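Here the structure is a predicted model, which means the values were calculated and not measured.
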Amino acid sequence: MAKEDELKVIVKMKLKMFKEAGVDDHLPSNAYDDILESYQELYKQDKMRHFCFQDQGEIVACAGGFIKEDIPFSFFNPPYYGFIGDVYTVVKYRGNGYATRLTNQVIQWLKEKNVEVIRLLASKAGEGIYKKLGFKVSDEMVLEL
């Protein structure tokens, strides 16, 4: 399990993930600081955990779990759900199963937090991993304006 002081590296990996996904142009110039501050607060509230794989002391893969309480789910019982994000592996380490193993660790942490439903946004590259883990495509619809 990642320590809070490793969040700086995790946030940098998140920004690389956004860049690879082609959505980094939607981020404000202070995105790093905003994300880091938000993550530090979620760690203090025990609503977020990351699991990482390291090679020679350097984080080369990570996956995060979040406890979310947004509407309409906040009206359900239980009033929260799990969310998996920040699943990222440095390019030269891909294809070794790190994302799958780390995602399983996140799922276990969310189960321990009594989460009954886990959601995520999958990239095209990640869809196969999540389907193998039992995730189903949802009926959510999106309108981009």
Can you tell me how far apart OG1 (T100) and CD (Q105) are? Round to the nearest 0.5 Å. 11.5 Å

Say you draw a straight line from NZ of K111 to CD of E116; how long is it, rounded to the nearest 0.5 Å? 12.5 Å

Ignoring hydrogens, what is the shortest heavy-atom contact between [X] and [Y]? Give both atom names and the distance.
X: C62; Y: M13; answer: SG-SD, 4.1 Å
X: I10; Y: C52; answer: CD1-SG, 3.9 Å
X: S74; Y: I71; answer: OG-CG1, 3.6 Å
X: L110; Y: G82; answer: CD2-CA, 4.0 Å

What's in the same ILVMFWY side-chain cluster as L143, cut-off under 4.5 Å, chained through other members? L145

Quick one: do E69 and K47 make a salt bridge, cutoff under 4.0 Å? yes

So, are R94 and E20 salt-bridged, with charged N and O less than 4.0 Å apart? yes

Common cluster, V91/V23, ILVMFWY with side-chain heavy-atom separation under 4.5 Å: no

Under 3.5 Å donor-acceptor, [X] side chain and [Y] backbone:
X: R119; Y: F83; answer: no
X: N96; Y: Y93; answer: yes
X: S38; Y: D34; answer: no

Mind checking whether K113 and Y80 have side chains closer than 4.5 Å, heavy atoms only? no

According to the interplanar angle, ranging from 0 to 90°, do the rings of Y39 and H50 count as parallel (below 30°), tilted (30 to 60°) or perpendicular (above 60°)? tilted

Find out whether the Lys NZ or Arg CZ of R101 is both under 6.0 angstrom from the six-membered ring centre of F51 and within 45° of the ring's axis. no

Check each of F66, F135, Y81, Y130 against I118 using the side-chain contact (heavy atoms from CB on, under 4.5 Å) test, and report the only one that passes. F135

With no hydrogens and no angle check, do the side chains of Q45 and E41 hold a donor and an acceptor under 3.5 Å apart? yes

